[in-house]
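These numbers come from the heavy atoms of this one structure, side chains and all, not from hydrogens, waters or symmetry mates.
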Amino acid sequence: MKILACSDIHMGRVPSVGNDTLVNGHSSWDATVAKAIALQVDVVALVGDVVEQEDAWLSVYYPLLAGLERLKRAGIKVIAVGGNHDWEIFPRLAKQSDAITLLGLGGSWEACQVEQVRFVGWSFPHSHVKENPFLGFKQDLLANSPLTLGLLHTEIDVPSSRYAPVSQSDLASRQGMLWMLGHIHKPGKIKDLPAYYCGSPYALDVNEDAVHGVYLLQNDGNTAWKEPVFIPLCPYRFERCSIEVTGSIDQLDLQMRATQTIRRFAAELNWEGKLYLRLVYTGYLAPHLDLAKIFPFQEETIEFFSREEETDILLFTHWEDRTQLEVDLAQLAQGSGPDALLARMLLDPEQLAELAKQYKLLDAQSFNSSAFSLLPHALLSSHDALESARNAGMLVLRSLVMQKSGGAT
């Protein structure tokens, strides 16, 4: 049997970059349907959040129904569970279409059989569920079924989550059982568990890096699954490209280094389609060099860089500066002024240790405020505090040196 598994389509949500709309609100659903038909699969498994939100229902109803009817005419069954976004819509859909089988409506586990595979699933009864769904799991759902596919929209190892939290142990290996999960938009296997997050077929946000697509599942006899095969589907891709600046001698050298790194990065990805890159500068940067002058970006969100064979490379105009100042602290400390004073402080172990102590105290106090109290936080170790204080000092020093030389801050 061949099964195409996907989740988090979020029909009604329109991905965009700046003022550019990448695709329409149901393109990834259309692409998923087309891929299922092209591969001649037996079942399409939808693992929640097919629709973005309730008020998008009118705009996505007919495209969604049309896709289901196409799959039905092709002889492909659709089995689904509801996520936190479509918990209200799926019960209505179940009443209006016989082209889809919905499992676990109302928050109860349910199973159905298709040939030798048993599908087991649970759906959100509300938009937020704090209880672990496995508290209501019945083992007899697995009785006399050596080959089972579990479908669940969930968050793993986050007990405080409002999105049906489960633990890794809940998904631990059962003979012949495989889990396909929804909610996390990045696809991939979960450690050594027989469980995979489907991810979203198309990237829905500029921060959703890497490849997006669907999974093809096939059984290996009547008791085991073959390794799931990931199939790229999204026609565009977001990535971060790190550019090492250490050793650059002038602005031209810096620009050539950045250009060569971008082209090499794109070639290694071997990607066909639009490739959006966020540049991240790393390493040690000489005080006389200015990252802002590498590429003369305008006020747009993205700018075209080049076309490399079948790839259009576009750059985000907002880049990340993770460089450190390349400076001779000992020489700088011989001078006068605020920069020399700070250089001497960074060279003095006792003064630096006192600065780290204050940094550590400030870090601890910041999480006593109500604004930060809900965030996960571990106290800085003395080593981490020392390193953080030194990095902060170097950033200030870099600004002072560049101001003194008349460069950008």
### Query
Will you find, in the side chains of D290 and Q251, an N or O donor that is under 3.5 Å from an N or O acceptor?
no
### Polar side chain donor-acceptor pair, D30 to S27, under 3.5 angstrom
no
### Task
Would you check if there is a donor-acceptor pair between the side chains of H153 and D49 at a distance under 3.5 Å?
yes
### Message
Suppose we call two aromatic rings close when their centres sit under 6.0 Å apart. Are W109 and F134 close by that rule?
### Response
yes
### Task
Search all heavy atoms of S16 against all heavy atoms of V206 and return the closest pair with its distance.
O-CG1, 4.1 Å
### Message
List the residues meeting side chain to side chain contact (heavy atoms under 4.5 Å, CB included) with A340, not counting sequence neighbours, and say none if there are none.
### Response
R344
### Message
So, using salt bridge (charged side-chain N to carboxylate O under 4.0 Å, His left out) as the criterion, who are the partners of E354 when residues are at least two apart?
### Response
none
### Query
So, for Y196 and W179, is the gap between ring centers shorter than 6.0 Å?
no
### Query
Atom CE of M177 and atom CH2 of W225: how far apart are they, to the nearest 0.5 Å?
10.0 Å
### Message
Holding to ring pair (Phe, Tyr, Trp, His ring centres under 6.0 Å), I want the full list of residues that pass it with F316, two or more places apart in sequence or in another chain.
### Response
none
### Rounded distance (nearest 0.5 Å) linking atom OG of S242 with atom CZ of F265
7.5 Å
### Task
Please determine, by modelled atom types, if H212 and H185 share a side-chain donor-acceptor pair under 3.5 angstrom.
no
### Message
Taking G82's backbone N and O only, do any of them form a donor-acceptor pair with S123's side chain (distance below 3.5 Å, no angle check)?
### Response
yes
